[in-house]
Amino acid sequence: MMLVFVLRHTVKTDTMAPPCGGERPLWPTPTVNQCQSNMATRWGICSAGKISNDFTVALKTLPPGDHQVVAVAARKLENAQEFAKKHSIPRAYGGYEALARDPDIDVVYIGVIHPYHLSTCLLFMNAKKNVLCEKPLAMNAKEAKQILASAKENDVFFMEAVWTRFFPVSVEIRRLLAQGEIGEVKMVRSEFGMPLHGVPRVMQKELGAGTMLDLGVYCLQLTCMVYNGEKPESIHATGTFMETGVDDIDVVTLKYSNNRLAVFICRSDIELPNEAVIVGTKGTIRIPGHIWCPTSLVVNGKETKYPVPEPYLPINFINSTGMRYEAEAVRQCLLKGLKESAVMSHADSLLLAEVEDEVRRQIGVVYSQDSQ
Ligand SMILES: NC(=O)C1=CN([C@@H]2O[C@H](COP(=O)(O)OP(=O)(O)OC[C@H]3O[C@@H](n4cnc5c(N)ncnc54)[C@H](OP(=O)(O)O)[C@@H]3O)[C@@H](O)[C@H]2O)C=CC1
Ligand SMILES: O=C(O)[C@H](O)[C@H](O)[C@H](O)CO
């Protein structure tokens, strides 16, 4: 007698994991995960803005059997419809609530400006949606804690979209550090400068402006990644202001135990080389440029390149197809039933938010959200 298994999806794996604890089956018997792994991760996009455009383009560089964009929501229906038409997305919603109610969404990507990260994260997680929210997670640590608490209360997956951490360059840096390639790290020096004074969300406080939250977060995330999520023993920050009352240039020093240091400069008025160097007792790792979306790494003088795919549509930001790496990481977490990523964990996000708060406090930048 031949047993025929009618599978919901063609199992595309060629190695069958035996049932939990059982011997290998006589025929392919996919586990739930293998069935799920043959179902595309269904994305909802919150906002029809610039980074949402780029994230959607990045998703299209991944196998369509793994990632599908099912819906987009914007404050105005016509903006969602225009976005949906441009990206061939089947559903468009006017208002984010409709997206939160859509039962066919596995995970929502939040691409609104940072003052609206808290409200949109809560909206979707209270609707039991998994969430990938753009950086910076929130306007301050208080908001960040609210978001992370909501993820736990709702038992959903949540990750701050610190896309840099998922680039092949970052994966290689972590591998080299883990195997002691450069010995004990004693210094991380980084910088991120871009001429952004014409960008409203970089200038206007009510839109979340301020260099630390927009650019400094990248220098800080690299530092925290290299120092494995360790809290600095001390922070020293100084800076200058834009005429709009937010930080323009930030110079930050972080001290760690055993004379380990980190220094970064971020500024929104001019372009810098945007490189970083990680100095250890036995060698040096250098990111020669684009530290927020790196495609090249120099290890003890030897350079290796890690190009990102070309976009199929115009993108707004450099190397944005590199957001594919974080998207795939989210998919893998969901397939494993994880509620957070070990690469960009909730503790990592909280550390970033707390250091950002302290830098702003020392420089003297206060947002309305700080007193709510
Ligand atoms: N990872 C990366 O490489 C990058 C990340 N980012 C992050 O992404 C976020 C968005 O940046 P970006 O796409 O450049 O921003 P946009 O200026 O394109 O705005 C994004 C969306 O935010 C909403 N929005 C904008 N202004 C307002 C307002 N005044 N009131 C209410 N909602 C508003 C709109 O949503 P709607 O469409 O619904 O109207 C808009 O489409 C930021 O948090 C930024 O830090 C930005 C650039 C690069
Ligand atoms: O995340 C980023 O890269 C920042 O939002 C910058 O403002 C953007 O890339 C500017 O080009």
Side-chain angles (χ1 to χ4, degrees), residues 44-58 71-84 86-87 92-100 108-121 123-124 132-139 143-144 147 159-167 192-222 246 248 266-272 274 290-294 308 311 315-327 344 352 356:
I45 307 293
C46 171
S47 112
K50 298 186 188 70
I51 196 61
S52 290
N53 170 82
D54 289 23
F55 184 78
T56 305
V57 172
V72 57
R75 287 176 295 170
K76 293 178 183 170
L77 177 59
E78 57 265 32
N79 291 342
Q81 288 170 329
E82 181 185 351
F83 191 101
K86 177 179 178 183
H87 294 283
Y93 297 119
Y96 307 141
E97 293 74 12
L99 180 62
V108 175
Y109 170 79
I110 294 179
V112 295
I113 55 174
H114 8 304
Y116 301 93
H117 288 184
L118 173 63
S119 57
T120 49
C121 283
L123 169 69
F124 291 113
L132 173 64
C133 177
E134 261 311 327
K135 46 58 60 180
L137 175 54
M139 295 304 294
E143 290 192 346
I147 292 170
M159 188 174 92
E160 181 183 1
V162 182
W163 59 316
T164 316
R165 291 235 168 148
F166 300 87
F167 271 62
F192 190 178
M194 293 276 270
L196 297 169
H197 281 183
V199 179
R201 71 168 177 80
V202 176
M203 291 290 286
Q204 296 167 31
K205 191 180 258 192
E206 68 278 8
L207 301 182
T211 301
M212 182 65 223
L213 290 190
D214 190 39
L215 305 183
V217 61
Y218 287 102
C219 300
L220 181 57
Q221 81 79 23
L222 174 66
V246 296
D248 192 6
C266 52
R267 54 192 301 173
S268 297
D269 59 341
I270 61 166
E271 177 137 8
L272 295 175
N274 296 330
H290 294 132
I291 68 149
W292 74 104
C293 54
V308 293
I315 49 179
N316 296 294
F317 304 104
I318 299 167
N319 292 342
S320 282
T321 53
M323 285 188 277
R324 69 200 305 263
Y325 303 118
E326 68 180 352
M344 188 59 211
L352 294 184
E356 289 159 4

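Counting convention: from 1, in listed order, for ligands and their atoms alike. Here the structure is a predicted model, which means the values were calculated and not measured.
By the side-chain hydrogen bond (donor to acceptor under 3.5 Å, both in side chains) test, Ser52 is found to be paired with Ser47, residues two or more places apart in sequence or in another chain being considered.
The side-chain heavy atoms of Tyr96 and Phe124, taken from C-beta on, include a pair separated by under 4.5 Å. The shortest side-chain heavy-atom distance between Arg267 and Leu215 does not fall under the 4.5 Å cut-off. Between Gln204 and Val246, the closest side-chain pair of non-hydrogen atoms is not below 4.5 Å. Contact check for Phe83 versus Thr56: side-chain heavy atoms found under the 4.5 Å cut-off. Looking at heavy atoms from C-beta onward, Leu132 lies in side-chain contact with Met159 at the 4.5 angstrom threshold.
The side-chain contact (heavy atoms from CB on, under 4.5 Å) test with Lys135 is passed by exactly one of Leu213, Ile51, Asp214: Asp214.
When all heavy atoms are compared, the tightest approach of Ala138 to Ile147 is CB-CD1, 4.1 Å.
For a heavy-atom separation below 4.0 Å, the residues in contact with ligand 2 are Lys135, Met194, Leu196, Arg201, Asp214, Leu215, Tyr218, Trp292, Phe317. For ligand 1, the protein residues within 4.0 angstrom (heavy atoms only) are Ser47, Ala48, Gly49, Lys50, Ile51, Ala74, Arg75, Tyr96, Gly111, Val112, Ile113, His114, Tyr116, His117, Glu134, Lys135, Pro136, Trp163, Arg201, Leu207, Asp214, Tyr218, Phe317.
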For residues 109-118, which side-chain N or O atoms pair as donor and acceptor with protein atoms under 3.5 Å away, sequence neighbours left out?
from   : atom 1 : to     : atom 2 : distance (Å)
Tyr109 : OH     : Glu134 : OE2    : 2.6
His114 : NE2    : Gly208 : O      : 3.1
His117 : ND1    : Glu134 : O      : 3.3
His117 : ND1    : Pro136 : O      : 2.7
His117 : ND1    : Leu137 : O      : 3.2
His117 : NE2    : Val112 : O      : 2.8

